[in-house]
There are 2 protein chains.
Amino acid sequence: MPHAEPSVPDAFDVGRVSYAIFQLSVAHKGYAASLLRRIGLHPGQELILMHLFSRDDQPQSELLASIGVDASTLSRALRRMQDVGLLVREPAEHDRRVMIVRLTDKGRAMREPIAAMWRDLDEVTQRNLAPQQAEDLTRAAYAVIEAIEHAARTHEPGDEEPR
Amino acid sequence: MPHAEPSVPDAFDVGRVSYAIFQLSVAHKGYAASLLRRIGLHPGQELILMHLFSRDDQPQSELLASIGVDASTLSRALRRMQDVGLLVREPAEHDRRVMIVRLTDKGRAMREPIAAMWRDLDEVTQRNLAPQQAEDLTRAAYAVIEAIEHAARTHEPGDEEPR
DNA sequence: ACGCGATAGTTGGCTAGCCAAGTAATTTGG
DNA sequence: CCAAATTACTTGGCTAGCCAACTATCGCGT
């Protein structure tokens with residue numbers, strides 16, 4: 001039965017917590033993807049739309065900073081979303097390098113489906129957790145994120161302390 | 001500064017826990033990828049190798065079941081790993097459909113680098129966590145995984161209760 | 001025995017995501 | 001005032017990952 005703690009090769013012992021996070025990522029992302037497919041979106045597109053719901057007519061560069069994905073990934077995702085009519089891009093007046101991203105009516109119409117998708121996802125996510133556990137999980141997640149970002153920031157330039 | 005709880009559009013409120021997991025996934029996977037790059041592996045390949053460290057000469061189908069990825073994804077990953085000399089595949093004697101996957105010396109040599117990578121990853125992951133928090137996080141992760149797998153199992157065939 | 005279904009893998013086609021290199025426009029500096 | 005650096009974005013090239021469709025082989029049942 002492929003449940004909790006499946007047949008884990010011994011080597012995974014050294015990274016039990018990371019392995020759990022890894023498995024959680026796969027399951028969570030997979031479930032989100034299946035929910036997104038039902039509303040006709042590809043993973044990641046919902047993030048772009050949600051940021052646009054918060055503030056429309058946004059330069060592509062700001063979306064980039066908010067979402068944290070590679071510029072090329074965003075560029076291509078936006079092109080595809082434009083192709084299916086979710087949004088429009090047009091060069092800014094004041095700076096012709098800048099592309100302003102604007103939702104179409106079709107894009108705006110995704111607001112409720114996306115919110116419903118998050119509700120469903122979070123409901124399932126918390127189904128086996130006590131409220132306090134959910135709270136702790138969230139807090140621990142951000143603690144880990146902070147540790148990772150700090151580690152990446154420090155020894156990205158000068159790789160690793162030379163032992 | 002993009003730390004914990006960054007500028008989260010209001011819409012994310014409905015899925016706070018899921019959004020935290022999502023962000024954790026991105027950060028954790030990104031850091032793992034950067035560590036893997038240093039030892040010349042692509043994400044996912046380390047899992048294949050680790051399962052082979054546990055049991056070599058394994059049919060591709062068993063690897064498939066252990067790892068839980070799509071058959072086509074595994075097929076192509078194995079081909080690429082064979083191309084760079086990490087492993088070899090040859091048809092089984094008794095059943096010519098089956099491909100037996102075997103590590104090469106070069107593949108076996110990855111054992112220590114991969115273990116070191118997991119140690120590094122888990123060290124960073126736990127850096128901001130008390131031991132009890134790490135334990136709780138692991139437990140919560142598997143609880144969420146179980147809920148998601150159950151949800152996927154139940155309403156994948158008959159999509160959603162019709163309201 | 002023979003055909004049909006199940007099983008094992010592969011290939012095609014698509015998106016997400018990364019890095020590296022390239023283009024265009026704007027800002028900075030000598 | 002014009003060249004050099006910077007910024008904004010795109011394109012090329014690659015891997016991971018999914019689904020769908022296909023091939024080949026094996027096993028089963030009539």
Side-chain angles (χ1 to χ4, degrees), chain A residues 22-23 25-49 58-84 86-87 89-101 152 156, chain B residues 22 25-38 40-49 58-84 86-87 89-101 152 156:
Chain A
F22 176 77
Q23 301 237 107
S25 301
V26 171
H28 194 262
K29 181 168 186 167
Y31 190 62
S34 77
L35 293 181
L36 284 170
R37 196 168 321 117
R38 296 182 193 180
I39 58 177
L41 292 179
H42 292 278
Q45 299 189 343
E46 86 284 8
L47 286 181
I48 294 172
L49 291 175
Q58 209 170 151
Q60 199 165 314
S61 54
E62 290 188 22
L63 274 177
L64 189 60
S66 308
I67 296 180
V69 84
D70 190 83
S72 62
T73 300
L74 180 64
S75 177
R76 281 186 257 245
L78 289 175
R79 184 178 55 66
R80 282 184 275 256
M81 291 170 78
Q82 180 164 22
D83 289 347
V84 298
L86 288 169
L87 50 84
R89 285 178 301 169
E90 44 194 28
E93 292 294 318
H94 46 92
D95 186 339
R96 304 212 329 261
R97 295 170 300 179
V98 174
M99 292 295 272
I100 301 290
V101 183
E156 183 133 339
Chain B
F22 176 78
S25 300
V26 171
H28 194 261
K29 181 168 186 167
Y31 190 63
S34 77
L35 293 181
L36 284 170
R37 195 168 323 115
R38 297 182 192 180
L41 292 179
H42 293 278
Q45 299 189 343
E46 85 285 7
L47 286 181
I48 294 172
L49 291 175
Q58 210 170 149
Q60 199 164 314
S61 53
E62 290 188 21
L63 274 177
L64 189 61
S66 308
I67 296 180
V69 84
D70 190 81
S72 62
T73 300
L74 180 64
S75 177
R76 281 187 257 246
L78 288 175
R79 184 179 55 66
R80 283 185 275 255
M81 291 170 79
Q82 180 164 24
D83 289 347
V84 298
L86 289 169
L87 48 84
R89 285 179 300 170
E90 44 194 28
E93 291 295 317
H94 47 89
D95 185 341
R96 303 210 333 255
R97 294 171 301 181
V98 174
M99 292 294 272
I100 301 291
V101 183
E156 181 131 341

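Residue numbers start from 1 in every chain, and the chains themselves are labelled A, B, ... in the order their sequence lines are given, proteins ahead of strands.
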Taken in chain and number order and not counting sequence neighbours, the residues that satisfy salt bridge (Lys or Arg N to Asp or Glu O under 4.0 Å) with A:R97 are A:D95

D:dA16 C1' sits how many Å from B:E46 CD, rounded?
12 Å

Hey, could you give me each pair passing salt bridge (charged side-chain N to carboxylate O under 4.0 Å, His left out) that has a residue in residues 68-79 of chain B? Not counting sequence neighbours.
B:R79-B:D83

Roughly how many Å is it from CD in A:Q45 to P in C:dT15, rounded to a whole number?
9 Å

Which whole-number value in Å describes the distance from A:L41 CG to C:dA16 C1'?
14 Å

Round to the nearest Å and state the distance from A:H42 atom NE2 to D:dA16 atom C1'.
16 Å

Those residues that, when tested against B:A92, pass side chain to side chain contact (heavy atoms under 4.5 Å, CB included) (two or more places apart):
B:H94, B:V98, B:I100

5' priority, DNA chain C, between A:R96 and A:V69 [closest heavy atom]:
A:V69

Nearest-Å distance, CG (A:L47) to P (C:dT15)?
18 Å

Between the protein and nucleotides 1-4 of chain C, list every N/O to N/O distance that falls short of 3.5 Å.
none

B:D83 CG to D:dA16 P, straight-line distance once rounded to whole Å:
11 Å

Considering non-hydrogen atoms only, spot the tightest contact between B:L63 and B:Q58 and give its length.
N-OE1, 3.9 Å

How many whole angstroms separate atom CZ of B:R80 from atom P of D:dG17?
10 Å

Can you measure A:K29 atom NZ to D:dC18 atom P for me and round it to whole angstrom units?
10 Å

Side-chain heavy-atom pair B:M99, B:P91 within 4.5 angstrom cut-off
yes

Test of understanding: with side chain to side chain contact (heavy atoms under 4.5 Å, CB included), list the residues that count as partners of B:L64, not counting sequence neighbours.
B:V69, B:A71, B:L74

What string of B, S and - do you get for nucleotides 3-13 of chain D, 5' to 3', if B is base contact, S is sugar-phosphate-only contact and - is no contact with any protein heavy atom under 4.0 Å?
----BSSBBBB

Would you indicate, yes or no, if C:dT15 has its OP1 or OP2 atom less than 4.0 angstrom from a side-chain nitrogen or oxygen of A:R37?
no

Under the rule for side chain to side chain contact (heavy atoms under 4.5 Å, CB included), what residues qualify as partners of B:V26, not counting sequence neighbours?
B:F22

Do A:L49 and A:L41 touch side chain to side chain, with heavy atoms closer than 4.5 Å?
yes

Across all chains, not counting sequence neighbours, the side-chain hydrogen bond (donor to acceptor under 3.5 Å, both in side chains) partners of B:S25 are A:S25

